[in-house]
Amino acid sequence: MNKIEFDILEVKSNILNDNDRSSDNVREILKKNNVFMVNLMASPGAGKTTTLVKTIEALKDRYRIGVMEADVDSDVDAITVQNAGAKVIQLHTGGSCHMDADMTKEGIEKLDISDIDVLFLENIGNLVCPAEFDTGATKKVCILSVPEGDDKPLKYPLMFQVSDLLLIGKMDVMPVFNFDVEACKKYVADLNPDMEVLPVSARTGEGFDKWIEWLVKEIQKFREKEV
């Protein structure tokens, strides 16, 4: 049998390399405009929008806030966060399960960040694909809700390796679910020793003072570095 010769192209590697170049471009845009950006990632139903609304309410008297709402379709979340007091743009990905840097750049340009201090990207509900693509955000924050179970860091390790902070959300339903906070913290520490873990509840406000304190501290560090 004749040996067949052909080229092999590692498409995923090329896509990620191209995205890394684009994410550096996004970082330059944010730096030029002195905008601190958070890439907020979580599973569908984990409480991203509810957490974001409560965060906007806590920060809007101190910072001008913008939000890029990424969804496969619909504008439900965009309306919700706009009513909370943020400048909003809805991004439809057309079926894509994540936001990449080029999509993020397009959203930033359309939103116009010249009058924004803090920008949130509410990424597509997914613990897999969003972790693979650097959007150029200043910080990556992941939410893991109590109903999802404490073993998610074992099942989706990359998300917890690349994130800067983990919010364990929906702490108010702890009595109903078998969620071991200490076990979850250990799983996370094994993957990412530098990542802080904060249990919170957007409904009751539990832990939100620590989350806002972390956020304000990071915003100040970013601003001091950019001066």
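Atoms considered below: every heavy atom in the structure, side chains included; atoms not considered: hydrogens, waters and symmetry mates. Model, not experiment: these values are computed from the prediction.
- Paired with Met159 under the rule side-chain contact (heavy atoms from CB on, under 4.5 Å), one option of Leu166, Val128, Leu127 passes, and it is Leu127.
- Between Arg203 and Asp172 there is a salt bridge, since at least one side-chain N of the basic residue sits less than 4.0 Å from a carboxylate O of the acidic one.
- Around CG of Asp115, the count of heavy atoms belonging to other residues, nucleotides or ligands within 6.0 Å exceeds 12.
- Shortest non-hydrogen contact noted between Ala84 and Val53 is CB-CG1, 3.9 Å.
- A distance of 7.0 Å separates CG of Asn33 from OG of Ser114, quoted to the nearest 0.5 Å.
- Rounded to the nearest 0.5 angstrom, Asp194 CG and Ser163 OG are separated by 12.5 Å.
- Closest non-hydrogen pair, Pro153 versus Cys184, comes out as CG-SG, 4.2 Å.
- One hydrophobic cluster, built from ILVMFWY side chains closer than 4.5 Å, cannot hold both Val141 and Val162; they sit in different ones.
- Ser43 and Glu148 form a side-chain donor-acceptor contact under 3.5 Å, judged by distance and modelled atom types alone.
- Between Asp150 and Phe179, some side-chain heavy-atom pair lies under the 4.5 Å cut-off.
- Side-chain atoms of Phe120 and Asn39, non-hydrogen and from C-beta on, never get closer than 4.5 Å to each other.
- Residues Lys48 and Leu52 have side chains not in contact (no heavy-atom distance under 4.5 Å, counting atoms from C-beta outward).
- Note that Lys139 lies outside the cation-pi zone of Phe36, set by a 6.0 Å cut-off to the ring centre and a 45° limit from the axis.
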Working for side chain to side chain contact (heavy atoms under 4.5 Å, CB included), residues Arg62 and Val216: CA-CA 10 Å; Arg62 194 181 315 190; Val216 169; 3.4 Å; yes

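- Not one N or O on the side chain of Asp77 forms a donor-acceptor pair closer than 3.5 Å with the backbone of Thr49.
- Put simply, the residue from Arg223, Lys60, Lys87 that forms a salt bridge (charged side-chain N to carboxylate O under 4.0 Å, His left out) with Asp117 is Arg223.
- Residues Ile108 and Ile29 meet the side-chain proximity criterion, which asks for heavy atoms closer than 4.5 Å.
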May I have the step-by-step check of side chain to side chain donor-acceptor pair (under 3.5 Å) for Thr138 and Glu218, ending in yes or no? CA-CA 9 Å; Thr138 316; Glu218 293 300 328; over 6 Å; no

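- Using a distance-only test at 3.5 Å, with no hydrogens or angles considered, no donor-acceptor pair links the side chain of Asp151 to the main chain of Leu154.
- There is a path of hydrophobic side-chain contacts, each under 4.5 Å, that joins Ile116 to Met68.
- When the side chains of ILVMFWY residues are joined at heavy-atom separations under 4.5 Å, either directly or via intervening members, Val35 and Ile89 end up in a single hydrophobic cluster.
- The nearest pair of heavy atoms linking Lys54 to Gly205 is CE-CA, 3.6 Å.
- Residues Ala131 and Met41 come closest through the heavy atom pair N-SD, 4.3 Å.
- Considering only heavy atoms from C-beta on, Ile113 comes within 4.5 Å of Leu30 through its side chain.
- The hydrophobic cluster containing Leu40 also contains Leu59, counting ILVMFWY residues as joined when their side-chain heavy atoms lie under 4.5 angstrom apart, directly or transitively.
- Rounded to the nearest 0.5 Å, atoms CG (Leu121) and CG (Leu111) are 11.0 Å apart.
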Stepwise side chain to side chain contact (heavy atoms under 4.5 Å, CB included) check, Met174 with Val181: CA-CA 10 Å; Met174 273 288 284; Val181 173; 4.0 Å; yes

Side chain to side chain contact (heavy atoms under 4.5 Å, CB included) evaluation trace for Lys140 with Val38: CA-CA 6 Å; Lys140 301 173 185 176; Val38 176; over 6 Å; no

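- Closest non-hydrogen pair, Phe160 versus Cys142, comes out as CE2-SG, 4.1 Å.
- Residues Met99 and Pro130 have side chains not in contact (no heavy-atom distance under 4.5 Å, counting atoms from C-beta outward).
- The structure places OG1 of Thr135 at 4.0 Å from CE of Met37, a figure rounded to the nearest 0.5 Å.
- Tracing side-chain contacts under 4.5 Å through hydrophobic residues (I, L, V, M, F, W, Y), one never reaches Val173 starting from Ile143; they form parts of separate clusters.
- Counting heavy atoms from C-beta on, the side chains of Glu69 and Val81 come closer than 4.5 Å.
- Using a cut-off of 4.0 Å between Lys/Arg side-chain N and Asp/Glu carboxylate O, Arg27 and Asp24 are scored as salt-bridged.
- Side-chain contact between Lys170 and Pro147 is present, with at least one heavy-atom pair separated by less than 4.5 Å.
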List the steps, then state whether salt bridge (Lys or Arg N to Asp or Glu O under 4.0 Å) holds for Glu109 with Lys105. CA-CA 6 Å; Glu109 291 172 345; Lys105 180 174 178 288; 2.6 Å; yes

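- The shortest heavy-atom contact between Leu91 and Gly107 is CD2-CA, 3.9 Å.
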Trace of the side chain to side chain contact (heavy atoms under 4.5 Å, CB included) decision for Met171 with Ile168: CA-CA 7 Å; Met171 286 295 293; Ile168 300 179; 3.9 Å; yes

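- Atoms OG1 and CG, on Thr104 and Leu119 in that order, are 9.0 Å from each other to the nearest 0.5 Å.
- In this structure, Gln220 CD and Leu215 CG are separated by 10.5 Å, a value rounded to the nearest 0.5 Å.
- Annotation for Gln161: atom CD counts as buried by contact number, over 12 foreign heavy atoms lying within 6.0 Å.
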